[in-house]
K.L.:
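Dumping the structure here so I can ask a few things about it.
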Amino acid sequence: MRVLGIETSCDETGVAVYDTDRGLLAHALYSQIALHAEYGGVVPELASRDHVRKLLPLARQTLAEAGLAVADLDGVAYTAGPGLVGALMVGAAAGRALAWALDVPAIGVHHMEGHLLAPLLEDPGLKPPFVALLVSGGHTQLVEVAAIGDYRLLGETLDDAAGEAFDKTAKLMGLPYPGGPELARLAESGRPGLFKFSRPMTDRPGLDFSFSGLKTQVLLAWQASDKTPETRAHIARGFEDAVVETLAIKCDRALQQTGARTLVVAGGVGANTRLRERLHMLAAKRGARVCFPRPAFCTDNGAMIAFAGALRLLAGQHADATVTVAPRWDMASLPAV
Ligand code: KG4
Ligand code: ZN
């Protein structure tokens with residue numbers, strides 16, 4: 001089954017074709033970073049309009065790279081939520097209409113399930129049960145995955161998501177949007193231990209997170225500092241170490257609590273080099289396994305949507321003929337596959 005995947009939940013237009021027999025055939029991504037940079041964050045209306053401009057050319061390009069005609073598609077998957085409602089509507093309307101015209105089934109995919117399943121895309125041997133750490137710009141969650149579609153939330157952030165904390169912290173130190181990857185790059189040249197920030201909520205039991213206080217700690221340190229580029233790098237390193245260590249402590253607890261032997265990490269912050277290293281260390285110590293998608297599939301992309309959609313379409317699930325999106329959507333409410 002050849003499935004076209006469409007991702008338009010935020011500021012990235014992603015398209016891919018996944019073949020359930022042959023794997024990923026092609027994928028393409030268009031990032032709106034330059035469009036939103038001058039506003040310091042995503043402007044929803046501009047995002048929607050740019051998806052309208054870019055989606056169809058990107059879909060044509062992806063099909064051409066896969067060597068397919070549009071009539072070769074057996075199904076269409078699009079991100080139906082969570083995300084920006086206008087942006088979601090663009091992908092959902094195009095995907096639903098295309099499927100209707102081709103008379104093939106369509107399915108609305110949960111964006112975070114797309115992230116969660118991304119590591120399986122490149123490692124067919126990877127199967128539940130496992131614990132997933134989902135760390136994106138909008139979510140920070142630990143999820144117990146008993147089977148595909150069977151998700152139990154173990155813990156989540158009470159305020160900012162990990163990626164959001166990276167972005168806001170970068171912004172307050174004057175780094176351009178999107179700050180997360182830039183802050184991580186800067187941290188590479190910072191010295192560890194010069195600035196020590198707390199590991200929020202690790203001093204009490206439980207698997208929830210809170211990252212908003214960390215941002216305030218950084219603000220105070222930055223304001224009291226000499227504001228040189230070197231100091232900024234040292235602070236960035238201190239911040240990154242605090243986030244990474246906090247995530248690692250909670251992952252360790254989640255593995256212990258569930259008895260799982262595999263940790264799966266996904267979402268934009270999963271591209272962070274230091275987080276990857278730290279979780280590899282943790283897994284080695286526990287005799288467990290940790291799996292990440294390649295960095296390009298940690299951040300938003302069409303491949304994960306094509307893959308997650310294909311699994312559900314293959315199981316006979318599909319959406320009805322209406323264009324429906326869900327800006328807020330609880331992953332635990334998804335049906336099992
Ligand atoms: O999954 P994603 O592409 O979009 C959402 O679904 O939110 O995640 C984007 C988030 C942003 O907050 C970005 O700053 C963060 O992931 N991010 C990183 C890195 N690359 C992306 N954070 C830390 N280190 C990175 N290397
Ligand atoms: Zn995402």
Side-chain angles (χ1 to χ4, degrees), residues 112 115-119 122-123 126 130-143 145 154-157 159-170 175 178-193 195-202 207-212 214-215 217-218 233-256 260 262-286 288-301 304:
M112 296 312 292
H115 276 303
L116 190 154
L117 297 178
E122 296 179 290
D123 184 353
L126 177 56
F130 53 71
V131 165
L133 172 69
L134 302 178
V135 270
S136 71
H139 293 77
T140 296
Q141 299 182 326
L142 274 162
V143 180
V145 179
L154 299 171
E156 66 182 331
T157 184
D159 39 59
D160 291 351
E164 187 180 4
F166 262 92
D167 295 336
K168 288 181 175 171
T169 301
L175 298 176
E182 187 63 24
L183 186 84
R185 204 187 51 73
L186 198 64
E188 288 306 302
S189 57
R191 208 168 324 140
F195 286 88
K196 191 123 176 65
F197 302 112
S198 62
R199 277 73 174 131
M201 295 184 73
T202 54
L207 294 170
D208 286 333
F209 303 91
S210 165
F211 290 112
S212 76
L214 212 46
K215 176 184 68 197
Q217 290 178 32
V218 171
H234 298 325
I235 293 178
R237 179 62 193 261
F239 168 80
E240 184 180 60
D241 283 346
V243 174
V244 167
E245 197 51 32
T246 302
L247 293 173
I249 290 169
K250 299 285 165 132
C251 285
D252 197 34
R253 265 186 213 171
L255 289 174
Q256 193 171 6
T262 306
L263 174 67
V264 158
V265 185
V269 185
N272 184 275
T273 311
R274 207 163 299 282
L275 179 66
R276 294 169 88 98
E277 283 170 7
R278 180 67 186 84
L279 295 181
H280 273 297
M281 259 172 57
L282 173 104
K285 198 187 85 198
R286 280 207 155 269
R289 187 175 166 217
V290 61
C291 306
F292 299 87
R294 65 173 100 156
F297 289 169
C298 283
T299 45
D300 290 347
N301 64 86
M304 67 186 196

K.L.:
Could you tell me which residues satisfy salt bridge (charged side-chain N to carboxylate O under 4.0 Å, His left out) with Asp159, sequence neighbours excluded, listed by chain and number?
P.N.:
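Applying salt bridge (charged side-chain N to carboxylate O under 4.0 Å, His left out) to Asp159 gives none.
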
K.L.:
State whether the side chain of His115 and the backbone N or O of Cys298 hold a donor-acceptor pair below 3.5 Å, judged by distance alone.
P.N.:
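Such a contact is found between His115 side chain and Cys298 backbone.
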
K.L.:
Please list, chain by chain and in numerical order, all residues satisfying side-chain contact (heavy atoms from CB on, under 4.5 Å) with Ala254, sequence neighbours excluded.
P.N.:
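Checked Ala254 against side-chain contact (heavy atoms from CB on, under 4.5 Å); matches are Val131, Leu142, Leu154, Leu207.
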
K.L.:
Would Glu188 and Arg185 pass as an ion pair if we require N to O under 4.0 Å?
P.N.:
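So Glu188 does not pair with Arg185 through a salt bridge.
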
K.L.:
Is a donor on one side and an acceptor on the other found under 3.5 Å between the side chain of Arg253 and the backbone of Thr202?
P.N.:
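Yes; at least one donor-acceptor contact below 3.5 Å.
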
K.L.:
Pick out which of Arg274, Lys196, Arg278 makes a salt bridge (Lys or Arg N to Asp or Glu O under 4.0 Å) with Glu245.
P.N.:
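Answer after filtering Arg274, Lys196, Arg278: Arg278.
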
K.L.:
Just how far is it from atom OG of Ser212 to atom CD of Gln217, taken to the nearest 0.5 Å?
P.N.:
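Rounded to the nearest 0.5 Å, the OG-CD separation comes to 10.0 Å.
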
K.L.:
Quick check for you: to the nearest 0.5 Å, what is the distance between Leu186 atom CG and His234 atom NE2?
P.N.:
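If we round to the nearest 0.5 Å, Leu186:CG and His234:NE2 are 10.0 Å apart.
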
K.L.:
Ignoring hydrogens and geometry, is there a side-chain-to-backbone donor-acceptor pair from Arg276 to Gly270 under 3.5 Å?
P.N.:
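Yes.
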
K.L.:
Kindly compute the distance separating CG (Leu275) from CZ (Phe292), expressed to the nearest 0.5 Å.
P.N.:
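One finds 5.5 Å between CG of Leu275 and CZ of Phe292.
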
K.L.:
Heavy-atom distance under 4.5 Å between the side chains of Arg286 and Leu263, does that happen here?
P.N.:
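They are not in side-chain contact.
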
K.L.:
Taking atom NE2 of His139 and atom CG of Leu116, what is their separation to the nearest 0.5 Å?
P.N.:
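Going from NE2 on His139 over to CG on Leu116, the span is 12.0 Å.
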
K.L.:
Under 6.0 Å between the ring centres of Phe166 and Phe239?
P.N.:
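So the answer is yes for these two rings.
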
K.L.:
Looking only at non-hydrogen atoms, find the nearest pair between Asp167 and Gly179 and report the distance.
P.N.:
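For Asp167 and Gly179, the tightest heavy-atom pair comes out as OD1-N, 3.8 Å.
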
K.L.:
Is there a side-chain contact between Lys215 and Glu164 in this structure, where contact means two heavy atoms from C-beta onward sitting under 4.5 Å apart?
P.N.:
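With C-beta onward as the side chain, the pair stays apart.
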
K.L.:
Under the ring-ring contact (aromatic ring centres under 6.0 Å, His included) test, which residues partner Phe211, sequence neighbours left out?
P.N.:
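Once residues adjacent in sequence are excluded, the partners of Phe211 under the ring-ring contact (aromatic ring centres under 6.0 Å, His included) criterion are Phe209.
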
K.L.:
Name the one of Leu134, Leu247, Asp160, Thr246 that satisfies side chain to side chain contact (heavy atoms under 4.5 Å, CB included) with Thr140?
P.N.:
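Checked Leu134, Leu247, Asp160, Thr246 against Thr140; only one passes side chain to side chain contact (heavy atoms under 4.5 Å, CB included): Leu247.
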
K.L.:
Do you know which two heavy atoms are closest between Pro181 and Pro178, and how far apart they sit?
P.N.:
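Looks like CD-O, 3.5 Å.
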
K.L.:
Using 0.5 Å steps for rounding, measure from the NZ atom of Lys285 to the NE2 atom of His280.
P.N.:
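So the NZ of Lys285 and the NE2 of His280 are separated by 15.5 Å.
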
K.L.:
Please give me the minimum heavy-atom distance between Ala161 and Gly137, naming the atom from each residue.
P.N.:
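For Ala161 and Gly137, the tightest heavy-atom pair comes out as CB-O, 3.6 Å.
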
K.L.:
Tell me whether Asp208 contacts the main-chain N or O of Gly155 through its side chain, where contact means a donor paired with an acceptor under 3.5 Å.
P.N.:
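Between the backbone of Gly155 and the side chain of Asp208 there is no qualifying donor-acceptor contact (under 3.5 Å).
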
K.L.:
Nearest heavy-atom pair of Gly180 and Ala170: which atoms, and what distance?
P.N.:
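Closest pair (atom of Gly180, atom of Ala170, distance): N-CB, 4.4 Å.
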
K.L.:
Going from OG1 on Thr299 to CE on Met304, what distance comes out if it is rounded to the nearest 0.5 angstrom?
P.N.:
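Output value for this atom pair is 8.5 Å.
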
K.L.:
Minimum heavy-atom separation for Gly238 to Phe197, with atom names?
P.N.:
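Closest pair (atom of Gly238, atom of Phe197, distance): C-CD1, 3.5 Å.
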
K.L.:
Does any non-hydrogen side-chain atom of Asn272 lie less than 4.5 Å from one of Val243?
P.N.:
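Heavy-atom side-chain distance check fails, nothing below 4.5 Å.
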
K.L.:
Can you give me the closest heavy-atom contact between Arg237 and Ala187, atom names plus distance?
P.N.:
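In terms of heavy atoms, the two residues are closest at CD-O, 3.5 Å.
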
